[in-house]
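Encoded as structure tokens, the structure appears first; notes follow it.
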Amino acid sequence: QLNSRQVILNLTFDGTDFDATIMNFSVSISKNVLLQSKTTNLQTNNLTITAYIENPACTITPDAPLTEQTLDARSLTITLIDAIFIDFTTIVPANFTLLNAPPGLSIERVTGTGSKTAVMDLAFTYNDFDTDYKDFKVDVDEAIILPDIGSGLVSNSLTISAFVETPAAALSADSAL
């Protein structure tokens, strides 16, 4: 209580999601605590509580450019936006799917680093390709994320650059001939 005419109310919120803005939030003051009005409760003016609409998404960021020659040494940082891992300590490679990946590319391991981040180490059994993979993505299984949106989260696209070999042969004279 600040004085006989003013109080500060500290409100708590349990975090329950709501997606519609509340236009008529108010406080009713019981007539039992009022000095002048003992017949009716006193209603405050209305305040607006603006809803936050989540748009769950997933981004992947490589530790270095993804190239055919170095794929086996690459890792991806997976970042969730407006979503969380239910338990980041228990995620495993089977919770993720590589989309539009070259043959031979797989997930070696995934380490959860926080409720919104994980690091995926890639493994590549060398299999030559000569065309860039321009739409490489990661799909995160819906079973390991909140909120439940009815599907997994598909990341942004990355390009995996091919290495085009240019075979060359060189002949040199043998002085013994």
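Just the heavy atoms: all of them, side chains too, but no hydrogens, waters or symmetry mates, feed the values below. For the single chain, residues carry numbers from 1 onward in sequence order. The model shown is predicted, which means the values in this text are computed figures rather than measured ones.
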Side chains of [X] and [Y]: closer than 4.5 Å at any heavy-atom pair?
X      : Y      : answer
Lys31  : Thr39  : no
Ile160 : Asp132 : no
Glu54  : Asp19  : yes
Thr59  : Ile81  : yes
Val27  : Leu9   : yes
Lys137 : Leu98  : no
Leu122 : Ser75  : no
Ile145 : Leu153 : yes

Stepwise, does the side-chain contact (heavy atoms from CB on, under 4.5 Å) test hold for Phe163 with Asp130? CA-CA 6 Å; Phe163 176 73; Asp130 293 327; over 6 Å; no

Under 4.5 Å between side-chain heavy atoms, hopping through other hydrophobics if needed: is there a path connecting [X] to [Y]?
X      : Y      : answer
Phe88  : Ile78  : yes
Val110 : Val92  : no
Ile107 : Val154 : no
Val119 : Phe96  : no

With a 3.5 Å distance limit and no angle check, can you tell me whether [X] reaches the backbone of [Y] through a side-chain donor-acceptor pair?
X      : Y      : result
Asp141 : Asn95  : no
Asn41  : Ser28  : no
Asn100 : Asp135 : yes
Thr67  : Ser161 : no
Ser30  : Asn32  : yes

What is the minimum heavy-atom distance between [X] and [Y], and which atoms define it?
X      : Y      : result
Thr70  : Pro65  : OG1-O, 4.0 Å
Ala123 : Glu108 : CB-CB, 3.9 Å
Pro56  : Pro147 : CG-CG, 4.0 Å

For the pair Thr125 and Asn127, evaluate side-chain contact (heavy atoms from CB on, under 4.5 Å) and give the outcome as yes or no after the intermediate values. CA-CA 6 Å; Thr125 303; Asn127 193 355; over 6 Å; no

Do [X] and [Y] have a side chain donor and acceptor closer than 3.5 Å?
X     : Y      : answer
Asp17 : Tyr52  : no
Glu68 : Tyr126 : yes
Asn24 : Asn46  : no
Gln43 : Ser26  : yes

Evaluate Thr117 against Leu80 for side-chain contact (heavy atoms from CB on, under 4.5 Å), listing each step before the verdict. CA-CA 6 Å; Thr117 57; Leu80 302 182; over 6 Å; no

Can you pull the ring pair (Phe, Tyr, Trp, His ring centres under 6.0 Å) pairs that have at least one residue in residues 128-153, sequence neighbours excluded? Phe129-Tyr133

For the atom pair [atom1] ([X]) and [atom2] ([Y]), what is the distance rounded to the nearest 0.5 Å?
X      : Y      : atom1 : atom2 : value
Asp139 : Thr97  : CG    : OG1   : 5.0 Å
Phe124 : Asp72  : CZ    : CG    : 8.5 Å
Leu105 : Leu66  : CG    : CG    : 8.5 Å
Leu76  : Met120 : CG    : CE    : 6.5 Å
Phe85  : Leu146 : CZ    : CG    : 11.5 Å
Thr111 : Ile91  : OG1   : CD1   : 7.5 Å

What residues form a side-chain contact (heavy atoms from CB on, under 4.5 Å) with Thr48, not counting sequence neighbours? Thr21, Met23, Thr50

Would Thr79 and Thr77 count as a side-chain contact (heavy atoms from CB on, under 4.5 Å) if you check the C-alpha gap in whole Å, the side-chain angles of each, and the deciding distance to 0.1 Å? CA-CA 6 Å; Thr79 304; Thr77 298; 4.0 Å; yes

